[in-house]
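Predicted model only: the values in this text are computed from it and were never measured.
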Amino acid sequence: MHKVIVVGAGQAGSSFVAKLCNSDFKGKITLIGEEPVPPYQRPPLSKAYLLGDMTLERLFLRPESFYSDNGIDLRMGARVTSIDARAQTVTVDGDVMPYDDLVLTTGSTPRRLPASIGGDLDGVFTVRTLADVNAMAPRCVEGAKVLIVGGGYIGLEAAAVASKLGLNVTLVEMSDRILQRVAASETSDFFRDLHTRHGVDIREGVGLERLLGQQTVRGALLTDGTKLEADFVIVGVGIAPSTGLAEQAGVAVVNGISVDARGRTSEPHIWAAGDCVSFPYQGGRIRLESVPNAIEQAEVAAENILGNAKEYIAKPWFWSDQYDVKLQIAGLNTGYDNVVTRRVDGATSFWYYSGDTLLAVDAMNDPRGYMIGKRLIEAGKSPSRAAIADPDTDMKALLKA
C-alpha cells in the first residue's frame, strides 16, 4: 500500500490530504501536526476569534470527523524529530514511520524579539497559533495599554482589533513608514490615516531599544529615548520559513524549501508546499505567504503524487481586514515605478505600474476594482494609466480591449 506522510497540519497540509481523498487515492495517509487541535484557519485568529465573533469549532478547516471518515491518520500534538531521506522514514516522537512519498507543509514561524532586549519577558506575544491568541486574550481588556512592534499587515491587523476592544494602542515601526516593505506610500498613507482616526498612536522611524520589566513586561524604551508603559506587547516583525527538517534531511533550501514547478524537492520522494517553500515564478524564484498559495500549491503537489504531471502557476492574491476596510491585493508590485490612484463612489484603489505594464492592485473596499485588476494582470493586459485614473472609465470594457 502506498504510504504518504504529510508533516505540518496547517492550511497546506489539510488541503493536500483533502485533495488526495477527493481524487480517490487508495493508499495510507498520515497527517502530523505539532498543535493539539485539528487544522484550522489562521487569518481569523487575531480578528474574528479574538473579538469573540468566531467559535473554536468554526476555526477548524474541516470537522475532526473528516479525517477519520476518510481513513486519514491525524496525529495531533506530535513532533517529527528527523527524516531519513535514503531510508524513506520519519521519526515521530520516537516512532519510526516509513513512507513512499513525504510532503513537507511545515509553514513558517514568527520572528521573535531577542531575549537580550526583553523578548522572553512574560506578556510578550506573537500572533501565529491558537495558543498565542488564547494566551493573549485575557489581557485584551478595555483600557489596557498594548505596544505593537512592527507596522506590517500583522501588526496593523492586531492594532485594529485591539482598538475595537477598547485598548490604548501604540504601534512602533522602525522604517520610515508602515507597510514600507510591501506597499507604496499611498497605501501606507491610507492605513495610517485609518488607524489614527481610530485612536491608534503610530510612531514611524523609531525602533525598540528594549522592553522594560523584571519577569513581566511593564513598558518599553524606544530608540528616540521615549519610555512607554505597556501591559503587554504584540510582536509582528515578520515570519521565517520552517526549513529545519528539510535541511536536516539534506533537501535543498533557497529562501525556503526549494521545489520545482510540480512541488518536488531535491529529494525525489519528498515534496513541499505552502509558506515554507520557494518555487519558480516568471524566470525567478519566490516564496508566497498566503492562504491561496498554500491551498493551490498543495493541491498541485497532490495531483503530481498521483502522476498527473501538473505545474503550479501562481496567481498571487492577498487580503487584510482592518476595522471596516477590506484590503484586497492582486499581483506582486516588485519593481514598480509608478502608482495610479483611482477613487470611485467611496472606493479607493492603487494600481502599480512598471513603465506601461500593470503589476499589481491594492483595492480598499473596492471588490469590483480588485476583480477587474486581478483578471487584467492574469491576462497580461495593461490599460493606460490615464484610463485607470479616470473615474468615468468603463472598467469592464478594459477586459475586452
For this session: Over all heavy atoms of both residues, which pair between R342 and A387 is shortest? Give the atoms and the distance, please.
Result: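 Looking at all heavy atoms of both residues, the shortest contact is NH1-O, 3.9 Å.
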
Check: [X]/[Y] side-chain N/O donor and acceptor closer than 3.5 Å:
X    : Y    : answer
D362 : Y352 : yes
T30  : R75  : no
R368 : Y370 : no
D132 : T129 : yes
N134 : Y49  : yes

For this session: Using the test side-chain contact (heavy atoms from CB on, under 4.5 Å), find all partners of T348 that sit at least two apart in sequence or belong to another chain.
Result: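 Applying side-chain contact (heavy atoms from CB on, under 4.5 Å) to T348 gives F190, R343, F350, M364.
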
For this session: Could you tell me how the ring of H198 sits relative to the ring of Y323: parallel (under 30°), tilted (30 to 60°) or perpendicular (over 60°)?
Result: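 Judged by the thresholds at 30° and 60°, the geometry between H198 and Y323 is parallel.
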
For this session: Look at the rings of F279 and Y281 and say which category their plane angle falls in: under 30° parallel, 30 to 60° tilted, over 60° perpendicular.
Result: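 Perpendicular: the ring planes of F279 and Y281 meet at over 60°.
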
Counting only heavy atoms not in [X], do more than 12 sit closer than 6.0 Å to its [atom1] atom?
X    : atom1 : answer
M174 : CE    : no
D356 : CG    : no
R197 : CZ    : yes

Exercise. How many angstroms lie between atom CG of L31 and atom CG of N70, to the nearest 0.5 angstrom?
Worked result: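 L31 CG to N70 CG: 12.0 Å, rounded to 0.5 Å.
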
Exercise. What distance do L74 atom CG and I32 atom CD1 have between them, rounded to the nearest 0.5 Å?
Worked result: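 Separation between the atoms: 10.0 Å.
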
[X] side chain vs [Y] backbone, donor-acceptor pair below 3.5 Å:
X    : Y    : answer
S382 : L358 : yes
Q88  : Y99  : yes
S349 : A363 : no

Is the shortest side-chain heavy-atom distance between [X] and [Y] below 4.5 Å?
X    : Y    : result
L61  : Q11  : yes
V361 : I377 : yes
W317 : P292 : yes
Y353 : P383 : yes
L130 : V133 : no
E209 : L222 : no
T216 : R218 : yes

Enumerate donor-acceptor pairs with a distance under 3.5 Å from any side-chain N or O in residues 305-316 to protein atoms, sequence neighbours excluded.
from: N308; atom 1: ND2; to: E303; atom 2: O; distance (Å): 3.4
from: K310; atom 1: NZ; to: E303; atom 2: OE2; distance (Å): 3.3
from: Y312; atom 1: OH; to: N293; atom 2: OD1; distance (Å): 2.7

Exercise. When V233 is tested against each of L147, T126, L121, I148 for side chain to side chain contact (heavy atoms under 4.5 Å, CB included), which residue passes?
Worked result: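 The residue from L147, T126, L121, I148 that satisfies side chain to side chain contact (heavy atoms under 4.5 Å, CB included) with V233 turns out to be L147.
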
Problem set entry | Residue from T243, I83, V80, D84 passing side chain to side chain contact (heavy atoms under 4.5 Å, CB included) with Q248 |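 Result: among T243, I83, V80, D84, I83 is the only option passing the side chain to side chain contact (heavy atoms under 4.5 Å, CB included) with Q248.
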
For this session: Under the side chain to side chain contact (heavy atoms under 4.5 Å, CB included) rule, what do W271 and L104 come out as? Steps first, then yes or no, please.
Result: CA-CA 6 Å; W271 310 71; L104 300 178; over 6 Å; no

For this session: For D390, check salt bridge (Lys or Arg N to Asp or Glu O under 4.0 Å) against everything at least two apart and list the hits.
Result: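 Partners of D390 by the salt bridge (Lys or Arg N to Asp or Glu O under 4.0 Å) criterion come out as none, since no residue qualifies.
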
Problem set entry | Residues forming a salt bridge (Lys or Arg N to Asp or Glu O under 4.0 Å) with E229, sequence neighbours excluded |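 So E229 forms a salt bridge (Lys or Arg N to Asp or Glu O under 4.0 Å) with K145.
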
For this session: Quick one: do S242 and S108 satisfy side-chain hydrogen bond (donor to acceptor under 3.5 Å, both in side chains)? Show the steps, please.
Result: CA-CA 5 Å; S242 298; S108 54; 5.9 Å; no

Exercise. Quick one: salt bridge (charged side-chain N to carboxylate O under 4.0 Å, His left out) pairs with a partner in residues 262-287, sequence neighbours left out?
Worked result: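 Checked against salt bridge (charged side-chain N to carboxylate O under 4.0 Å, His left out) - neighbours excluded - the pairs reaching residues 262-287 are R128-D275, R287-E289.
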
Under 3.5 Å, which donor-acceptor pairs link side chains of residues 178-186 to any protein atom two or more places apart or in another chain?
from: Q180; atom 1: OE1; to: D176; atom 2: N; distance (Å): 3.2
from: Q180; atom 1: OE1; to: R177; atom 2: N; distance (Å): 3.3

For this session: With side-chain hydrogen bond (donor to acceptor under 3.5 Å, both in side chains) as the test, would you mind laying out the steps for H2 and D101 before giving the verdict?
Result: CA-CA 8 Å; H2 194 113; D101 284 292; 2.8 Å; yes

